[in-house]
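Computed over heavy atoms, backbone and side chain alike; hydrogens, waters and symmetry mates excluded. None of these values were measured; they are calculated from a predicted model.
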Amino acid sequence: VWYVVHYFGKKFKNRKIQFLNDNMAVVSTFEHGCSDPRLSEYIRKIHEEAHNYNIALAMEWDGGLTRLGYWEFHREWT
């Protein structure tokens with residue numbers, strides 16, 4: 001997430017980026033923070049950088065379905 005916002009922030013200016021993740025702990029931590037101050041600081045910096053470009057960030061849990069769908073598609077066409 002940081003990489004996309006940091007290096008491609010200008011390209012996504014005034015947009016919404018939705019990240020799909022198959023790890024519910026990552027999604028929860030990204031949205032609500034955590035008890036580890038170092039990780040919370042890192043997440044805060046991601047949100048601040050996104051704010052500089054007016055990017056709305058969304059993290060959504062997909063349970064791995066997106067990835068599984070990709071591999072099914074990939075297997076059928078290769």
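- Legend: residues meeting side-chain contact (heavy atoms from CB on, under 4.5 Å) with Ala58, ordered by chain and number and at least two apart, are Lys16, Gln18.
- Applying the side-chain hydrogen bond (donor to acceptor under 3.5 Å, both in side chains) criterion to Asn54, with sequence neighbours excluded, gives Asn14.
- For Phe8, the side-chain contact (heavy atoms from CB on, under 4.5 Å) partners are Tyr3, Lys11, Phe12, not counting sequence neighbours.
- Pairs of residues two or more places apart, or lying in two chains, that qualify as salt bridge (charged side-chain N to carboxylate O under 4.0 Å, His left out) and include a residue from residues 40-49 are Glu41-Arg44, Arg44-Glu48.
- Residues Ala50 and Val5 come closest through the heavy atom pair N-CG1, 3.5 Å.
- Scanning for ring-ring contact (aromatic ring centres under 6.0 Å, His included) contacts around His6 gives Trp2, with sequence neighbours left out.
- Expressed to the nearest 0.5 Å, how far CE of Met59 lies from CD1 of Ile46 amounts to 7.5 Å.
- Residue His51 places its NE2 atom among 12 or fewer non-hydrogen atoms of other residues, nucleotides or ligands, all under 6.0 Å distant.
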For residues 27-36, please give each side-chain donor-acceptor pair under 3.5 Å, one per line with the distance, not counting sequence neighbours.
unit_1: Thr29; atom_1: OG1; unit_2: Ala25; atom_2: O; d: 2.8
unit_1: Asp36; atom_1: OD1; unit_2: Arg38; atom_2: N; d: 3.1

